[in-house]
Amino acid sequence: MRTYLILAIGLLMAVLTVLAQTPELDAKKKDIDRLVQEMGVAGSPEEYDALKKKYDTAVDDYRKLRARHQSENDQDVACKTALNSSIASYKDRDYTAARTHAMNAQKTCPDNAQAAYMLGLAERKLGNYQAALAALGKATQLDPEDTKAILEKARMLAGEMKRPREAADVLDAMIAQHPTEARPWFEKGKIFLEQRNFEMAIPALEQAVVVDPSFTRGWVTLTQACVEAHDCEKAIKAAANALKDKGNRDIAEVYYHQATAYNQCSQFDKAIEAADACLENVSKLKQNKSFIQGGAHYEKGVALMKRGMLDTAKKSFQDASAFIEWRQSANFELDAIKKDQG
């Protein structure tokens, strides 16, 4: 019996060199441990041989199970490596490489939604829109709760593919499935804003900030939409909400739209203050925002001109004319001041 016990302990030590790392492997490991213990106290060679057969079968099962788990682990590592390479290439704007890595990820892990999503992003950048739609659709199918693929699809339909109505339908379906998310309302508002369909754009943007009152970009775009629709009072209110976020990187843009809204509402002193705040924040944040800078100078010039301060207004329009986007409008106002001054 001592010989049997020594042999059993040796077999146990051999098995212990393999570490079980999953519940399934742990359960199999416990079966082996139990058999080893029973072998150690076997009352006869026949009993020992019977236990030894069970032990050999259990060890063989354990090794097969471990090999399968190892294969799955290797597959998971390969998938993650390909995905990380795709993301890195996409960030480097190497969209061909991003597509190749995403396709490799899909081959390794065909049920991975992120792999399909990255393929969709790369195909969109490469101008392969139908392929992008297919990949993004697969990403949504694999993970219906991850909405970024749906948003990407809507943006592409509205943008490069010039199919805004379909994009709006995609977003409406998303809204029905995810009523507490602000982003689809926001994207829908942006689509209609680009079409200058303010009757559709403004309610969608308003709903976005109702769903998420802290959604600063929603307030900024709502301000812009109201300004372009010449609804200055609503624009002023939206701007005030956007300005609650003191860390807002778009704060200069908000002040620019606010200055325009104040001019539309004939509140010229406030327009001057907002234009100055815009220029101050552009300088503070060291941003290159030529349209906004030129626009702030222009709106300040308009307010000063309405106040009858023509010489000061002239200086603001001259500053605005330095920005190509505002040159024509600023020069028009300078010519008008020149005529007024004789």
Side-chain angles (χ1 to χ4, degrees), residues 86-87 89-91 93-100 102-103 105-106 110 112-212 215 217-231 238 250 253 257 291:
S86 180
I87 293 169
S89 296
Y90 188 85
K91 288 181 178 178
R93 300 185 181 181
D94 186 349
Y95 303 121
T96 300
R99 177 177 62 181
T100 299
M103 291 176 73
Q106 277 201 312
N112 188 293
Q114 181 70 5
Y117 175 69
M118 287 307 303
L119 180 59
L121 291 185
E123 295 286 21
R124 178 185 177 185
K125 289 295 186 181
L126 292 169
N128 303 324
Y129 303 130
Q130 291 302 326
L133 285 176
L136 294 171
K138 182 176 181 181
T140 302
Q141 183 181 11
L142 290 171
D143 187 359
E145 294 304 312
D146 190 349
T147 57
K148 62 180 182 290
I150 303 174
L151 293 172
E152 190 72 18
K153 178 180 178 180
R155 294 184 192 113
M156 182 173 65
L157 283 168
E160 295 93 331
M161 300 183 76
K162 309 299 182 187
R163 289 152 60 178
R165 185 63 262 175
E166 287 182 54
D169 289 342
V170 168
L171 292 170
D172 283 339
M174 181 178 169
I175 289 166
Q177 292 294 319
H178 305 275
T180 61
E181 289 196 23
R183 183 61 66 169
W185 285 109
F186 174 72
E187 295 293 342
K188 184 177 178 180
K190 282 178 59 180
I191 288 171
F192 287 115
L193 179 57
E194 289 171 3
Q195 297 179 300
R196 300 191 67 75
N197 183 343
F198 304 120
E199 290 184 358
M200 295 293 289
I202 291 174
L205 292 168
E206 286 177 327
Q207 188 60 36
V209 294
V210 166
V211 171
D212 182 4
F215 186 16
R217 188 63 228 178
W219 287 113
V220 175
T221 307
L222 176 59
T223 304
Q224 176 189 347
C226 292
V227 165
E228 292 186 17
H230 292 273
D231 189 341
D250 298 320
E253 180 183 348
H257 291 312
F291 179 83

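All figures in this text were calculated on a predicted structure; none of them were measured in a lab.
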If you measure from CG on L136 to NZ on K148, what distance do you get to the nearest 0.5 Å?
10.5 Å

Please give me the minimum heavy-atom distance between A97 and S89, naming the atom from each residue.
CB-OG, 3.7 Å

Would you mind reporting whether R183 and F215 have side-chain heavy atoms less than 4.5 Å apart?
yes

Tell me, yes or no, whether the heavy-atom count around E160 atom CD, taken from other residues, nucleotides or ligands under 6.0 Å, exceeds 12.
yes

My understanding is that only residues two or more places apart in sequence, or in another chain, count here; which of them pass side chain to side chain donor-acceptor pair (under 3.5 Å) with D231?
none

Applying side chain to side chain donor-acceptor pair (under 3.5 Å), name anything that partners T221, two or more places apart in sequence or on another chain.
R217

Which pair of heavy atoms, one from A139 and one from A149, lies closest together, and at what distance?
CB-CB, 3.9 Å

Of all the heavy-atom pairs spanning P179 and V211, show the shortest one and how long it is.
O-CG2, 4.1 Å

Do the side chains of M156 and E152 get nearer than 4.5 Å, heavy atoms only?
no

Please examine the side chains of L193 and I202, heavy atoms only from C-beta on, and report whether any two atoms are closer than 4.5 Å.
no

Applying side chain to side chain donor-acceptor pair (under 3.5 Å), name anything that partners K153, two or more places apart in sequence or on another chain.
none

Could you walk me through whether R124 and R155 satisfy the side chain to side chain contact (heavy atoms under 4.5 Å, CB included) test, starting with their C-alpha distance in whole Å, then the side-chain angles of each, then the deciding distance to 0.1 Å, before giving a yes or no?
CA-CA 10 Å; R124 178 185 177 185; R155 294 184 192 113; 3.9 Å; yes

Within a reach of under 6.0 Å around NZ of K125, are more than 12 heavy atoms found that belong to other residues, nucleotides or ligands?
no

Mind checking whether Q106 and K138 have side chains closer than 4.5 Å, heavy atoms only?
yes

To the nearest 0.5 Å, how far apart are CD1 in I87 and OH in Y117?
10.0 Å

Heavy-atom nearest pair, I191 first then P164, reads CG2-CB, 3.8 Å

For the residue pair Q177 and I150, establish whether any side-chain heavy-atom pair is separated by less than 4.5 Å.
no

With the side chain counted from C-beta on, respond yes when Q130 and M161 share a heavy-atom pair under 4.5 Å apart, and no when they do not.
yes

Separation of E253 CD from F291 CZ (nearest 0.5 Å)
9.5 Å

Working to the nearest 0.5 angstrom, can you tell me the gap between E187 CD and F192 CZ?
12.5 Å

Rounded to the nearest 0.5 Å, what's the gap from NE2 on H230 to CD on E228? Could you check?
8.5 Å

Does some side-chain heavy atom of L142 sit less than 4.5 Å from a side-chain heavy atom of N112?
no

Can you tell me how far apart CG (L133) and CG (N128) are? Round to the nearest 0.5 Å.
11.0 Å

Evaluate L151 against V170 for side chain to side chain contact (heavy atoms under 4.5 Å, CB included), listing each step before the verdict.
CA-CA 8 Å; L151 293 172; V170 168; over 6 Å; no

For L205 against A225, the heavy-atom pair lying closest together
CD1-CB, 3.8 Å

Is the side chain of N197 donor-acceptor paired with the backbone N or O of M200 at a distance under 3.5 Å, no angle test?
yes

Using every non-hydrogen atom in the two residues, find where G189 and A201 come nearest and quote the distance to one decimal.
O-CB, 3.5 Å

